[in-house]
Each structure stands twice: as structure tokens, then as C-alpha cells.
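Computed from heavy atoms alone, side chains included, the values below leave out hydrogens, waters and symmetry copies.
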Amino acid sequence: EVQLVESGGGLVQAGGSLRLSCAASGFTLDDYAIGWFRQAPGKEREGVSCISTSDASTDYADSVKGRFTISSDNTKNTVYLQMNSLKPEDTAVYYCAAKDAPLLGCSIAWLNNGMDYWGKGTPVTVSS
């Protein structure tokens, strides 16, 4: 059974940092790409970042470039999202999702084509 479990969310002041984790089971990261999404209250879900370890590709939404870093530890089958310099507008529920690794590398546009498996999310609140 494929399962994705997010953790690491919480309350942080603006300018602070959090590291989210996405623990995968039922498949290996070698074969799948992982995307991080977020959904703020009253807003549409948006793709934040992705990683495909099969070709070491990563991508970021413009809103988080230079502040967020995605990484993976394939020995732990876990993907991380390091979030620095957090802003109140980063407040959202963050989800990780998985899909078969793309042939040409992952991208934010690729994330928006749909994912196969989803976690339940972890909330992030950034206070001003």
C-alpha cells in the first residue's frame, strides 16, 4: 500500500524556519517523483516544489525560490522541504504527493498535471 506521511509543520514567526518531512512507504523514491503543494484558506492549491531522484531534477515555484530547498534521503525513503525566511503568506496546509518519475525531469508545470498519491497534509502557520 502506498502511503505518504507529512510532518514538521507548526507555528513560526516571520523570518523563521521549518523543515517538513514526507515519509514514503509502499514504493521507492528511485521510481517516483515527489511534489510539495500547499493550500491556504480560501485559495487554490499550488505546487511549491518537486524532486525526482532518478535524474536529480528539482524545481520551485517563483514565490519560494531562494527560500525553500527540497532534498531527499533515499535510504530513509523520505523527502524534505527546508523552508527559510518564512513569510505570513506561506501559511497553508502543506501536502506531499507522488507520481511516476517523469522522463524529462520534474517541474512545477509537471506537478500541475496531476499526482497519483497524496498525504494528508501538515499545517504551517507563519505569524507576523
Once you round to the nearest 0.5 Å, how far does CG of Leu81 lie from SG of Cys50? 11.0 Å
Is there a donor-acceptor pair closer than 3.5 Å between any side-chain N or O of Asp116 and the backbone N or O of Ala98? no
Which pairs would a plain distance check flag for residues 10-20, meaning a side-chain donor or acceptor within less than 3.5 Å of a matching protein atom at least two apart in sequence or in another chain?
unit_1	atom_1	unit_2	atom_2	d
Ser17	OG	Asn84	OD1	2.9

On a heavy-atom basis, the closest approach of Ala92 and Ala40 is CB-N, 3.7 Å
Trp110 vs Lys99, test: side-chain contact (heavy atoms from CB on, under 4.5 Å). Steps then yes/no. CA-CA 10 Å; Trp110 172 80; Lys99 189 176 180 180; 3.9 Å; yes
I'd like a table of donor-acceptor pairs (distance under 3.5 Å, sequence neighbours excluded) in which one partner is a side-chain atom from residues 24-31, with atom names and distances.
unit_1	atom_1	unit_2	atom_2	d
Thr28	OG1	Asp31	OD2	3.4
Asp30	OD1	Asn74	ND2	2.8

Find out whether Phe68 and Ser49 are in side-chain contact, i.e. whether some heavy atom of one side chain is under 4.5 Å from a heavy atom of the other. no
Have a look at Glu6 and tell me which of Trp36, Tyr94, Trp118 forms a side chain to side chain contact (heavy atoms under 4.5 Å, CB included) with it. Trp36
Given the rule that I, L, V, M, F, W and Y join up when any side-chain heavy atoms are under 4.5 Å apart, are Met83 and Tyr80 in one cluster? no
Would a distance-only check, ignoring hydrogens and angles, find a side-chain to backbone donor-acceptor pair under 3.5 Å from Ser52 to Gly105? no
Short question: side chain of Arg38, backbone of Val93 - any donor-acceptor pair under 3.5 Å? no
Taking C-beta and beyond as the side chain, do Cys106 and Leu111 meet within less than 4.5 Å on heavy atoms? no
Output yes when a side-chain donor or acceptor of Thr122 lies under 3.5 Å from a complementary backbone atom of Ser7, and no otherwise. no
Taking it one step at a time, do Phe37 and Val48 satisfy side-chain contact (heavy atoms from CB on, under 4.5 Å)? CA-CA 5 Å; Phe37 296 77; Val48 174; 5.6 Å; no
Spacing of CD1 belonging to Ile51 relative to OG belonging to Ser72, to within rounding of 0.5 Å: 4.0 Å
For Ser63 and Glu46, the nearest pair of non-hydrogen atoms, with its separation, is OG-OE1, 4.3 Å
Given 3.5 Å as the limit, does a donor-acceptor pair link the side chain of Thr53 with the main chain of Ala56, or not? no
With a 3.5 Å distance limit and no angle check, can you tell me whether Thr78 reaches the backbone of Lys76 through a side-chain donor-acceptor pair? yes
Side-chain heavy-atom pair Val126, Glu89 within 4.5 angstrom cut-off: no
Is Asp90 salt-bridged to Lys87, cutoff N-O under 4.0 Å? no
Answer yes or no: is there a donor N or O on one side and an acceptor on the other, between the side chain of Lys120 and the main chain of Val5, under 3.5 Å? no
Distance, nearest 0.5 Å, that separates CE of Met115 from CG of Leu4: 8.5 Å
Distance-minimising heavy-atom pair for Ile34 and Cys22: CG2-SG, 4.4 Å
Checking Tyr60 side chain against Ile70 main chain: does a donor-acceptor pair fall under 3.5 Å? yes
